[in-house]
Amino acid sequence: MPQRTKTSRTTQQRETAPTALSLPSPLSVLFVLTAIAFLAFAIADIKQSARFADIFLVAERLEQSEQVSPDTLARTAAITDTIVSGDYCRSDIVMAGTTLVLNRLDTANEITGYEAWARAADDAERYMRHAVSCMPSESNLWLRLAVVRAVIAQEPKSIARLMTTSTRLAPVDEVALLARLYFWNRLNITTLNNARTSVDSDVNLLLKLGDPRKVGPALTRISAALLPYVKTAGSKLSSERKSSLAWFGVNIGKLP
């Protein structure tokens, strides 16, 4: 066979041989998978925002002290139920739902509409249990669960445990301290005794370090149950601090 013919056949074989595809690098694969994951999360996030748009709007109106009709509140009850049954735990959704269920409970009348009140109370407790399971490190949610439990039936040990959890999670945050002080001032002596360490801690910190412009108004009326804690904490204050608190409504020296 002539050399030229052999060369021609070899060339044709090379031209018709399949070309091997180069595999993508691991870094490229990782980038693509990450992009797909982010896209999926973004789509799910948008769907959730759209699904719960109504509770965002109503919760915002309530937080701005705007009027919301009873029909609107009743309509959102099904949506907050969906948050629990669907096990939604996105923080903004959970917090908006919290505003709604607590408002429904607050506006229900136990005397003139017991069935509606009982339903609102049951819904609120179920919702708040879901909320704390979603965000167990959120002090305010434990406080709100304690509030709901106290509204339904003040069980001293149970409420004391919830309040103590709130104190442990936010021991020095002034907003949390003031919220708990408001509630301590409405609990009975047995409940306070069951949470004595937490009550002492909150009252001492607020009287010693809290903003007098906020602490004063919070303690213009002190319950008989909380009074001993306030007097004990007040006895440890400097004269300057006592004067500052007295200027804003809490005169330690004139407490009964």
Side-chain angles (χ1 to χ4, degrees), residues 55-56 58-66 68 80 89-107 124-125 127-151 159-187 191-192 194-223 225-227 229-230 232-234 236-237 241-242 244-250 252:
I55 69 164
F56 290 136
V58 176
E60 184 178 4
R61 290 173 61 187
L62 290 172
E63 288 164 0
Q64 294 176 354
S65 300
E66 296 181 16
V68 176
T80 51
C89 275
R90 210 176 81 184
S91 60
D92 57 341
I93 294 174
V94 170
M95 296 307 292
T98 296
T99 298
L100 294 183
V101 297
L102 292 182
N103 184 270
R104 280 202 299 271
L105 179 58
D106 187 52
T107 54
E125 182 174 16
Y127 186 91
M128 293 313 304
R129 288 201 307 268
H130 169 71
V132 297
S133 71
C134 286
M135 294 184 283
S137 61
E138 178 56 57
S139 164
N140 187 260
L141 293 178
W142 289 97
L143 172 60
R144 294 184 184 194
L145 177 56
V147 171
V148 172
R149 290 273 177 86
V151 168
I159 295 171
R161 284 196 299 270
L162 295 172
M163 293 291 289
T164 297
T165 301
S166 176
T167 301
R168 187 175 67 251
L169 292 171
V172 296
D173 180 85
E174 188 174 56
V175 174
L177 284 164
L178 287 167
R180 285 196 298 271
L181 179 65
Y182 177 87
F183 197 40
W184 291 131
N185 206 19
R186 282 152 181 79
L187 293 174
T191 304
L192 295 185
N194 275 279
R196 177 178 294 277
T197 301
S198 297
V199 182
D200 282 334
S201 175
D202 284 355
V203 173
N204 274 285
L205 276 171
L206 278 173
L207 289 181
K208 184 177 180 181
L209 302 172
D211 185 343
R213 294 170 296 180
K214 298 177 181 177
V215 176
L219 288 175
T220 50
R221 293 183 179 180
I222 305 172
S223 70
L226 187 63
L227 184 60
Y229 297 89
V230 176
T232 299
K236 305 172 186 176
L237 301 176
R241 181 65 179 177
K242 290 179 181 178
S244 181
L245 289 169
W247 181 263
F248 290 100
V250 184
I252 300 297

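One finds the CD1 atom of I222 at 8.5 Å from the OG1 atom of T220 (value rounded to the nearest 0.5 Å). For the atom pair CG of L177 and CG of D211, the computed distance is 12.5 Å after rounding to the nearest 0.5 Å. With values rounded to the nearest 0.5 angstrom, N103 atom CG is found 4.5 Å from L62 atom CG. Rounding to the nearest 0.5 angstrom, the gap separating the CG atom in L192 from the CE atom in M163 is 8.5 Å. Atom CZ of R61 sits about 11.0 Å away from atom CG of L100, to the nearest 0.5 Å. The distance from the SG atom of C134 to the CZ atom of R129 is 13.0 Å, given to the nearest 0.5 Å.
Summarising the geometry of A150 relative to F183, their closest heavy-atom pair is CB-CZ, 3.5 Å, with the distance given to 0.1 Å. Nearest approach of W184 to S198, heavy atoms of both residues: CZ2-CB, 4.0 Å. Between V94 and A131, the shortest heavy-atom distance links the atoms CG1-CB, 3.7 Å. Listed here is the closest heavy atom pair of Y127 and I93: OH-O, 3.6 Å. Between L178 and A218, the shortest heavy-atom contact is CD2-CB, 4.4 Å. Closest approach of F56 and A96 over heavy atoms only: CD2-CB, 3.9 Å.
No more than 12 heavy atoms of other residues, nucleotides or ligands sit less than 6.0 Å from atom CZ of R213.
The salt bridge (charged side-chain N to carboxylate O under 4.0 Å, His left out) analysis of residues 196-207, with sequence neighbours excluded, yields the pairs R180-D202. The list of salt bridge (charged side-chain N to carboxylate O under 4.0 Å, His left out) pairs with a residue in residues 135-149, not counting sequence neighbours, reads E125-R149.
Not counting sequence neighbours, the partners of K208 by the side-chain contact (heavy atoms from CB on, under 4.5 Å) test are L237.
Residues C89 and H130 meet the side-chain proximity criterion, which asks for heavy atoms closer than 4.5 Å. Annotation: side chain of L226 is in contact with side chain of V203 (closest heavy-atom distance under 4.5 Å). A heavy-atom distance below 4.5 Å is found between the side chains of R104 and T80.
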Start with the C-alpha distance between L219 and L207, add both sets of side-chain angles, then the distance that settles side chain to side chain contact (heavy atoms under 4.5 Å, CB included), and finish with yes or no. CA-CA 10 Å; L219 288 175; L207 289 181; 3.9 Å; yes
Apply side chain to side chain contact (heavy atoms under 4.5 Å, CB included) to V151 and L105, showing your working. CA-CA 9 Å; V151 168; L105 179 58; 4.2 Å; yes
What verdict does the side chain to side chain contact (heavy atoms under 4.5 Å, CB included) test give for M95 and T99, after you've listed the backbone C-alpha separation in whole Å, the side-chain angles of each residue and the deciding distance to 0.1 Å? CA-CA 6 Å; M95 296 307 292; T99 298; 5.9 Å; no
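Checked by atom type and distance alone, the side chain of T164 pairs as donor or acceptor with a backbone atom of A160 at under 3.5 Å. No side-chain donor-acceptor contact under 3.5 Å links T232 to the backbone of Y229.
Exactly one residue among D173, T165, T167 makes a side-chain contact (heavy atoms from CB on, under 4.5 Å) with L169. That residue is T165.
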